[in-house]
Asks: 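Dumping the structure here so I can ask a few things about it.
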Amino acid sequence: MIKKILFLIIFVTIQVCAQEVKIPELVLSGISFDLELQNGKQSDLVVLTESGDTVTTVLVDGKTPLTINESGIYSIVKPSGDVVGSIRVIPGILSIIPPLLAILLAFVFRQVLISLAAGIYVGALFIYNYDPFTAFLRFSDTFIVKSTIDESHLYITLFTLMIGGLVGIISKNGGTEALARIITKFAKTPKSGMLSSWGLGLLIFFDDYSNTLIIGNMMRPITDKLKISREKLAYIVDSTSAPIASLVIISTWIGFELGLIQDGLTAIGSDKSAYYLFMESILYRFYPFASLFMVFFIAFMDRDFGPMQKAETLARKKEIVKEKAEISENSTKWWNGLVPILILIFGVIAALFYTGITSLNEAGVKTYGLKEIISNGDSFRSLLWASTFGVIVAIVMTRIQKLLTLDETMEAWQKGVQSMLYASIILVFAWAISMITTELKTADYVISAVGDLFNVRFLPAVVFIVCSIISFATGTSWGTMAIVMPIVIPLVHEMAGGLTPEVYGGLLTGVVSSVLAGAVWGDHCSPIADTTILSSMSAGSNHIAHVRTQLPYALTAGIIGILFGEIPAAFGVHPLLSIIMIAFTVMIIVRFIGKKNEIIV
């Protein structure tokens with residue numbers, strides 16, 4: 001009995017000591033961290049010792065910052081000699097190696113999945129005391145599994161797969177093709193042909209791959225007849241697909257983007273709605289807006305500059321081998337594509353209102369507006385509900401009209417789901433490396449290294465440029481977002497945390513939008529990007545010619561986006577005013593730098 005009592009006393013004492021101080025398991029040398037006293041006392045003394053050396057700090061009730069400059073394992077003991085716990089300190093430079101390695105390997109191998117996997121493993125190696133076997137085990141059973149089973153992550157993954165299935169059904173039943181035929185009726189001149197291609201790009205907004213393949217193949221015989229160069233068609237296709245897919249509130253991109261944003265918000269302990277932040281960031285996506293404006297004014301004014309102007313002159317003067325129009329005359333109707341999409345869009349809105357109002361009512365809030373409703377809405381449930389309902393509607397409409405057999409319909413859905421499977425796997429790995437960067441305090445180290453190099457208000461512009469370079473070199477927008485987003489949200493949180501809530505909120509929104517916008521720039525400019533390749537392929541253009549003729553336009557739009565969008569908005573200019581300035585600047589450049597194309601009947 002006495003032994004049991006002594007054991008109980010010792011056990012309780014250890015537990016109390018352990019609970020008195022909240023100790024981080026891993027910290028970086030030279031980077032401040034917090035020890036948190038949790039016993040309610042006003043002060044206490046903790047001594048950190050290693051090899052006879054001591055670092056002493058007085059803890060007050062709450063958090064006390066502390067910095068250790070040398071790496072190693074430090075025991076934390078009380079003056080009485082009781083061991084409270086230990087801290088492992090690693091060199092700060094190690095914290096940036098996992099994301100940098102992922103970026104470097106993506107440059108070299110152009111394989112995002114392998115690059116992310118390498119970054120995750122190396123990060124696990126640092127976290128688990130450089131033990132390669134333990135790091136290998138934790139790679140899968142900790143980081144990958146936790147990324148997969150997280151409830152919000154599951155919602156996003158299922159939504160991404162469901163919307164892929166929806167796109168598969170409406171593409172197979174002819175709905176998207178029927179929508180395309182409506183626009184092609186307006187293509188009578190080079191000007192109207194280019195504007196029709198641009199308008200079609202806006203209409204097929206829900207998926208960049210579908211956008212690229214449908215517009216290129218549908219418009220190629222028409223633009224050939226109108227003597228529009230295939231380089232121009234490839235440019236229009238490429239410069240509307242990713243930009244519009246990244247701007248709309250419903251697309252195959254949104255699940256991926258929301259997952260990354262939510263993970264970043266979780267890392268900084270924010271309860272802000274990922275969907276609401278996504279909605280706020282739309283007006284700050286200056287490059288996609290600039291790209292869409294550039295295509296419109298070039299088409300509307302029928303003016304070009306650079307290599308594109310030469311390509312257009314050649315196309316207008318020379319006879320082009322024309323293809324037989326491959327526009328199907330089947331009985332499918334435009335509503336087969338539009339209705340499921342509208343169900344998806346309005347379903348998300350309705351579900352957001354339902355979940356938002358329900359949440360507010362449960363919290364006892366009686367007075368609220370649109371902002372409060374959306375902020376409290378469950379975006380992940382809303383997306384999943386709406387996408388599931390949209391798929392059901394698409395299946396029912398397809399079967400009622402007997403456009404496809406049930407087996408054919410489900411096969412189309414399955415192929416659509418499969419088309420999003422790789423993206424979903426990338427997303428899981430992206431969440432995992434986000435966990436790595438959080439545990440390694442990567443943002444803290446980056447802040448300490450570059451925090452004083454430039455004004456925090458230039459951070460959105462810097463992030464846009466960095467993401468543009470990475471995306472261009474790797475050929476993937478999603479990979480760029482996956483690598484950069486987990487770093488920059490904590491980065492802006494720390495760098496702008498001391499500013500007013502309005503300025504902080506604007507910079508957070510601006511940085512998130514800069515990641516997405518910069519990733520889009522590289523996605524549709526890089527010669528190794530899938531959408532760039534698909535654009536030249538579907539338009540029948542020489543691939544290198546497409547890249548060479550498009551790049552001057554993309555560079556111009558990118559610079560305009562930075563000068564009139566990223567920087568002014570970060571200093572308080574309303575994004576709508578920036579968008580107006582961008583549109584006006586693009587119009588002036590096209591009008592006075594571009595040359596009028598000759599019209600040959």
Asks: Which heavy-atom pair separates Ser535 from Val237 by the least distance, and what is that distance?
Replies: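 Minimum heavy-atom contact is OG-CG1, 3.7 Å.
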
Asks: Output the distance between atom OG1 (Thr398) and atom CG (Asn173), rounded to the nearest 0.5 Å.
Replies: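 If I round to the nearest 0.5 Å, the distance is 4.0 Å.
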
Asks: If you look only at pairs with a residue in residues 423-433, which of them pass as a salt bridge (Lys or Arg N to Asp or Glu O under 4.0 Å), with sequence neighbours excluded?
Replies: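 Every pair satisfying salt bridge (Lys or Arg N to Asp or Glu O under 4.0 Å) with a residue in residues 423-433: there are none.
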
Asks: With sequence neighbours excluded, what pairs up with Tyr553 under the ring pair (Phe, Tyr, Trp, His ring centres under 6.0 Å) test?
Replies: Tyr235, Phe305

Asks: Just jot down the side chain to side chain donor-acceptor pair (under 3.5 Å) partners of Ser246, sequence neighbours excluded, or say none.
Replies: none

Asks: Tell me, please, which residues at least two apart from Leu101 pass side chain to side chain contact (heavy atoms under 4.5 Å, CB included).
Replies: Leu105, Ala118, Val122

Asks: Please enumerate all residues that pass side chain to side chain contact (heavy atoms under 4.5 Å, CB included) together with Leu555, with sequence neighbours excluded.
Replies: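 So Leu555 forms a side chain to side chain contact (heavy atoms under 4.5 Å, CB included) with Trp521, Leu551.
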
Asks: What distance separates Ser382 OG from Phe159 CZ, expressed to the nearest 0.5 Å?
Replies: 10.5 Å

Asks: Got Gln309 and Asn597 here, is their nearest side-chain heavy-atom distance under 4.5 Å?
Replies: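 Answer yes - side chains close enough.
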
Asks: Please identify each residue that fulfils ring pair (Phe, Tyr, Trp, His ring centres under 6.0 Å) with Trp413, with sequence neighbours left out.
Replies: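 Testing Trp413 for ring pair (Phe, Tyr, Trp, His ring centres under 6.0 Å), a comparison that skips the adjacent residues, returns none.
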
Asks: Drop me the distance from Ile582's CD1 to Leu563's CG, to the nearest 0.5 angstrom.
Replies: 9.5 Å

Asks: Using distance only, find each side-chain donor-acceptor pair of residues 286-293 under 3.5 Å and give its atom names and separation, not counting sequence neighbours.
Replies:
residue : atom : partner : partner atom : Å
Tyr287  : OH   : His524  : NE2          : 2.9
Ser291  : OG   : Ser239  : O            : 3.1

Asks: Output all residues satisfying side chain to side chain contact (heavy atoms under 4.5 Å, CB included) with Val428, sequence neighbours left out; order by chain, then residue number.
Replies: Ile144, Ser147, Thr148, Trp431

Asks: To check you understand the geometry: which heavy-atom pair defines the closest contact between Cys525 and Gln550, and what is its length?
Replies: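 So the two residues come closest at CA-NE2, 3.9 Å.
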
Asks: Not counting sequence neighbours, which residues clear ring pair (Phe, Tyr, Trp, His ring centres under 6.0 Å) with Phe300? List them please.
Replies: Phe296

Asks: So, taking the atom named CG in Asp304 and the one named CD1 in Ile593, what distance separates them when rounded to the nearest 0.5 Å?
Replies: 12.5 Å

Asks: As an exercise, state the distance from CZ of Phe297 to CZ of Phe584, rounded to the nearest 0.5 Å.
Replies: 10.0 Å

Asks: Of all the heavy-atom pairs spanning Met485 and Pro490, show the shortest one and how long it is.
Replies: O-CD, 4.4 Å

Asks: If we ignore hydrogens and angles and just use 3.5 Å, is the side chain of Ser281 paired with the main-chain N or O of Phe278 as donor and acceptor?
Replies: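 The answer is yes, because a donor-acceptor pair under 3.5 Å joins these two groups.
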
Asks: Please report the interatomic distance NZ(Lys191) to CD1(Ile228), rounded to the nearest 0.5 Å.
Replies: 12.5 Å

Asks: Please say which of Ile244, Val295, Val248, Leu247 ends up in a side-chain contact (heavy atoms from CB on, under 4.5 Å) with Leu202.
Replies: Ile244

Asks: Check whether Ser536 reaches the backbone of His543 with its side chain - one donor and one acceptor, N or O, closer than 3.5 Å.
Replies: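 Between the backbone of His543 and the side chain of Ser536 there is no qualifying donor-acceptor contact (under 3.5 Å).
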
Asks: Apply side chain to side chain contact (heavy atoms under 4.5 Å, CB included) to the pair Ile589 and Ile560, showing each step before the final yes or no.
Replies: CA-CA 10 Å; Ile589 288 176; Ile560 292 173; 3.5 Å; yes

Asks: Residues in salt bridge (charged side-chain N to carboxylate O under 4.0 Å, His left out) with Glu312, at least two apart?
Replies: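 Residues passing salt bridge (charged side-chain N to carboxylate O under 4.0 Å, His left out) with Glu312: Lys232, Arg316.
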
Asks: Check whether Ser471 reaches the backbone of Ala519 with its side chain - one donor and one acceptor, N or O, closer than 3.5 Å.
Replies: yes

Asks: Please tell me if the side chains of Thr532 and Val547 come closer than 4.5 Å, counting only heavy atoms from C-beta onward.
Replies: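 Of all side-chain heavy-atom pairs linking Val547 with Thr532, at least one is under 4.5 Å.
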
Asks: Does some side-chain heavy atom of Arg230 sit less than 4.5 Å from a side-chain heavy atom of Thr223?
Replies: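 Thr223 does not reach Arg230 side chain to side chain.
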
Asks: Has Thr549 got a side-chain atom pairing as donor or acceptor with Pro307's backbone, closer than 3.5 angstrom?
Replies: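 No.
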
Asks: Can you list everything that forms a salt bridge (charged side-chain N to carboxylate O under 4.0 Å, His left out) with Lys595? Sequence neighbours excluded, please.
Replies: none

Asks: Dump the intermediate steps for side chain to side chain contact (heavy atoms under 4.5 Å, CB included) on Asp263 and His153, then the final yes or no.
Replies: CA-CA 9 Å; Asp263 220 42; His153 293 175; 3.3 Å; yes

Asks: So does Ala570 get a backbone contact from the side chain of Arg457, meaning a donor-acceptor N/O pair under 3.5 Å?
Replies: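 Here the side-chain-to-backbone pair exists.
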
Asks: How about Leu233 and Ser197: do any of their side-chain heavy atoms sit closer than 4.5 Å?
Replies: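 Answer yes - side chains close enough.
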
Asks: I'd like to check Asn336 versus Ile170 (side-chain heavy atoms, cut-off strictly below 4.5 Å). Are they in contact?
Replies: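 Contact flag for Asn336/Ile170 side chains = no.
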
Asks: For Lys227 and Ala315, work out which heavy atoms get closest and say how close.
Replies: CB-O, 3.7 Å

Asks: If we ignore hydrogens and angles and just use 3.5 Å, is the side chain of Ser513 paired with the main-chain N or O of Tyr284 as donor and acceptor?
Replies: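 Checked: pair present.
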
Asks: Considering residues at least two apart in sequence or located in another chain, which fulfil the salt bridge (charged side-chain N to carboxylate O under 4.0 Å, His left out) criterion with Glu411?
Replies: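 By the salt bridge (charged side-chain N to carboxylate O under 4.0 Å, His left out) rule, Glu411 matches Lys415.
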
Asks: Answer whether the closest heavy-atom distance between the side chains of Pro98 and Ile120 falls below 4.5 Å.
Replies: no

Asks: Of the non-hydrogen atoms in Ile433 and Pro99, which two are nearest, and what is the gap between them?
Replies: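 In terms of heavy atoms, the two residues are closest at CD1-CA, 4.4 Å.
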
Asks: For Ala461 versus Ile567, what's the shortest heavy-atom pair and its separation?
Replies: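 Looking at all heavy atoms of both residues, the shortest contact is CB-CG1, 4.0 Å.
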
